[in-house]
Amino acid sequence: MTSSSILSPNLLLLPCSCRHGASSLKRLQTLAPTISPRRLSSLLLTMKRPRRAPPPSPPSTPPTPQTIHRLHHHRRRRCCEKPVSMRQSLAAESPEWVPLDLAESELSLPLTFPTGQTFRWKRTGPLRFTGAVGPHLVSLKHLEGGGGVAYCVHGNRPDGAGARSAVLDFLNADIRLGEIWEVFSASDSRFAELARLLRGARVLRQDPLECLIQFLCSSNNNIARITKMVDFVSSLGRHLGSVKGLEFYEFPSLERLLAVSEKEFREAGFGYRAKYIVGTVKTLQSKPGGGVEWLTSLRGLDLQDAIAALCTLSGVGSKVAACVALFSLDQHHAIPVDTHVWQIATRYLLPELAGARLTPKLSGRVAEAFVSKYGKYAGWAQTMLFIAELPSQKAIIPSHCLTIQEDEKVERIDKEASVAE
DNA sequence: CGGTAACCTGGGAT
DNA sequence: AATCCCAGGTTAC
């Protein structure tokens with residue numbers, strides 16, 4: 001989301017070159033292949049790691065590959081399920097809703113799903129969203145009276161028993177939002193004010209391949225078309241069912257994606273991103289042990305190494321890499337810096353840079369500033385601040401909390417114009 | 001090395 | 001109606 005989409009029409013005079021970043025890492029690697037990835041990343045990504053905090057390692061969610069995860073679920077605890085006949089009769093019209101043990105303050109669906117983290121979940125009710133979690137077709141909804149969130153599994157899959165833990169894993173349920181926000185709020189009064197309004201805005205823990213392909217589609221693109229493209233990719237996967245007239249699919253495997261040509265992606269409207277996807281899929285497939293395994297292994301790396309590794313993939317620059325790292329690789333202090341985050345940062349974190357244009361180097365400084373202010377969960381803080389600026393949240397955010405207020409637009413334009421002269 | 005134009009496409013503004 | 005601008009950027013000069 002760039003400033004203009006938020007601020008709308010009269011920012012036409014803003015220089016658009018601010019989003020023309022050079023990417024660098026990949027190019028450097030081709031120019032200087034002898035330099036190690038670690039060295040490269042330190043050259044390009046000045047992002048600091050939190051000072052004392054060791055990487056978080058939630059006890060109940062080890063970095064197990066998703067595939068093993070599924071097999072695991074497949075094998076256990078089938079005895080606890082209801083008889084198949086009963087489940088079948090129930091599922092068609094009135095699915096069985098099971099409460100998740102998550103307080104309202106820990107998960108707000110409208111503040112989590114339609115906020116640009118994933119394009120695969122669809123709104124299937126006022127307070128209800130539906131999507132795939134691995135092989136499970138799941139709906140989530142808020143219970144009435146602030147009773148938290150419940151889920152249901154559609155389609156009577158035989159391994160439905162694994163759905164609950166898969167959903168909790170996907171929701172990053174081991175991370176206590178209340179606790180980390182408390183820390184942010186203590187040192188940041190603006191955060192504290194927004195936090196009250198945006199209670200329950202979480203960072204998801206998506207499947208890495210699924211996340212990567214989605215954000216590969218996102219570059220220099222708009223939400224509507226990204227969604228269309230992601231829908232196309234999804235339709236290559238196994239059909240899981242339909243809810244409220246919407247079709248849902250398991251995300252296609254790497255092997256399935258490998259079978260799609262650049263031409264096919266282009267014809268499906270991917271534009272130049274077709275090349276990126278085909279290239280990335282091919283590179284992944286060539287990794288020893290398999291691309292999925294390789295991606296998952298990035299969960300265990302330091303942030304800078306994970307980013308550097310992702311940036312070796314075609315079409316992945318620092319922004320996409322940070323999104324994948326934050327939304328799927330447990331890199332809680334990854335900061336996806338776009339022009340919008342830039343606006344927030346130059347106003348609240350780095351006022352001395354106000355007016356400058358966003359370059360890769362400065363984007364590194366922004367990330368650094370977020371991490372030194374918010375610590376090991378800086379990415380979560382950034383996500384909440386980002387959500388606050390979304391047009392869809394405007395209604396619930398008082399204007400004095402917004403980075404750029406209505407009456408400032410004119411001033412900004414004037415400033416830009418005078419700079420240009 | 002740091003800055004810039006080019007890249008697909010479709011919707012909305014001028 | 002034709003044209004320009006823009007969209008959660010990355011790549012190649």
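Naming convention: chains lettered A, B, ... in sequence-line order (proteins, then strands); numbering from 1 in each chain. Because the structure is predicted, anything quoted here is derived from the model rather than measured.
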Item to check | Heavy-atom donor-acceptor pair, A:Arg266 side-chain to B:dC8 base, under 3.5 Å | outcome: no
Next on the checklist: Output the rounded distance in Å from CG (A:Leu212) to C1' (C:dT10).
Outcome noted: 14 Å
Checklist entry - What is the distance from CG of A:Leu358 to P of C:dG9, rounded to the nearest Å? => result 10 Å
Checklist entry - What integer number of Å spans the P atoms of C:dA1 and B:dC8? => result 29 Å
Checklist entry - Which value, in whole Å, describes the distance between the C1' atoms of nucleotides C:dC5 and B:dA6? => result 16 Å
Checklist entry - To the nearest angstrom, how far is A:Lys228 atom NZ from B:dG11 atom P? => result 7 Å
Next on the checklist: Checking base pairs now: Watson-Crick or wobble, both atom distances under 3.5 Å. What partners C:dG8?
Outcome noted: none
Next on the checklist: Do A:Val138 and A:Phe248 have side chains that approach each other closer than 4.5 Å (heavy atoms only, starting at C-beta)?
Outcome noted: no
Checklist entry - With sugar-phosphate meaning primed atoms plus P, OP1 and OP2, does A:Thr115 contact a base, only sugar-phosphate, or nothing at under 4.0 Å between heavy atoms? => result base
Checklist entry - Choosing from C:dG8, B:dG3, C:dG9, which nucleotide comes nearest the side chain of A:Tyr272? => result C:dG9
Item to check | Residue A:Thr359, side-chain atoms from C-beta onward, closest of C:dG9, C:dG8, B:dG3 | outcome: B:dG3
Checklist outcome for this item: Quick note, A:Lys361 side chain, CB onward, closest among B:dG2, C:dT11, C:dG8 is B:dG2
Checklist outcome for this item: In whole angstroms, the gap separating C1' of C:dG8 from CD1 of A:Ile226 amounts to 7 Å
Checklist entry - Do we get A:Arg120 above A:Phe251's six-membered ring, with its NZ or CZ under 6.0 Å from the centre and within 45° of the axis? => result no
Checklist entry - 5'-most contact on DNA chain C: A:Ala224 or A:Lys275, nearest heavy atom basis? => result A:Ala224
Item to check | Rounded interatomic separation in angstrom, taking CE from A:Met229 and P from B:dG10 | outcome: 11 Å
Next on the checklist: Whole angstroms only, please: what is the CG-P distance between A:Asn221 and B:dC7?
Outcome noted: 17 Å
Next on the checklist: Nearest heavy atom decides the nucleotide; on that basis, is A:Tyr276 or A:Cys323 closer to the 5' end of DNA chain C?
Outcome noted: A:Cys323
Checklist outcome for this item: A:Ile223 CD1 to B:dG12 P, in whole Å, measures 15 Å
Checklist outcome for this item: From CZ of A:Arg273 across to P of B:dG10 the rounded distance in Å is 11 Å
Item to check | A:Glu247, CD: over 12 other non-hydrogen atoms inside 6.0 angstrom | outcome: yes
Checklist entry - Of the nucleotides B:dC7, B:dG2, C:dT10, which one has an atom closest to the side chain of A:Ser318? => result C:dT10
Checklist entry - What's the verdict on side chain to side chain donor-acceptor pair (under 3.5 Å) for A:Arg202 and A:Thr112, showing C-alpha distance, side-chain angles and the deciding distance? => result CA-CA 6 Å; A:Arg202 293 190 76 78; A:Thr112 300; over 6 Å; no
Item to check | Plane angle bin for A:Trp121 and A:Phe113 - parallel if under 30°, tilted between 30 and 60°, otherwise perpendicular | outcome: tilted
Checklist entry - Which value, in whole Å, describes the distance between the P atoms of nucleotides C:dC4 and B:dC7? => result 15 Å
Checklist entry - Considering only the P atoms, how many Å lie between C:dG8 and B:dG12, rounded to the nearest integer? => result 14 Å
Checklist entry - Ring centres of A:Trp181 and A:Tyr377 under 6.0 Å apart? => result no
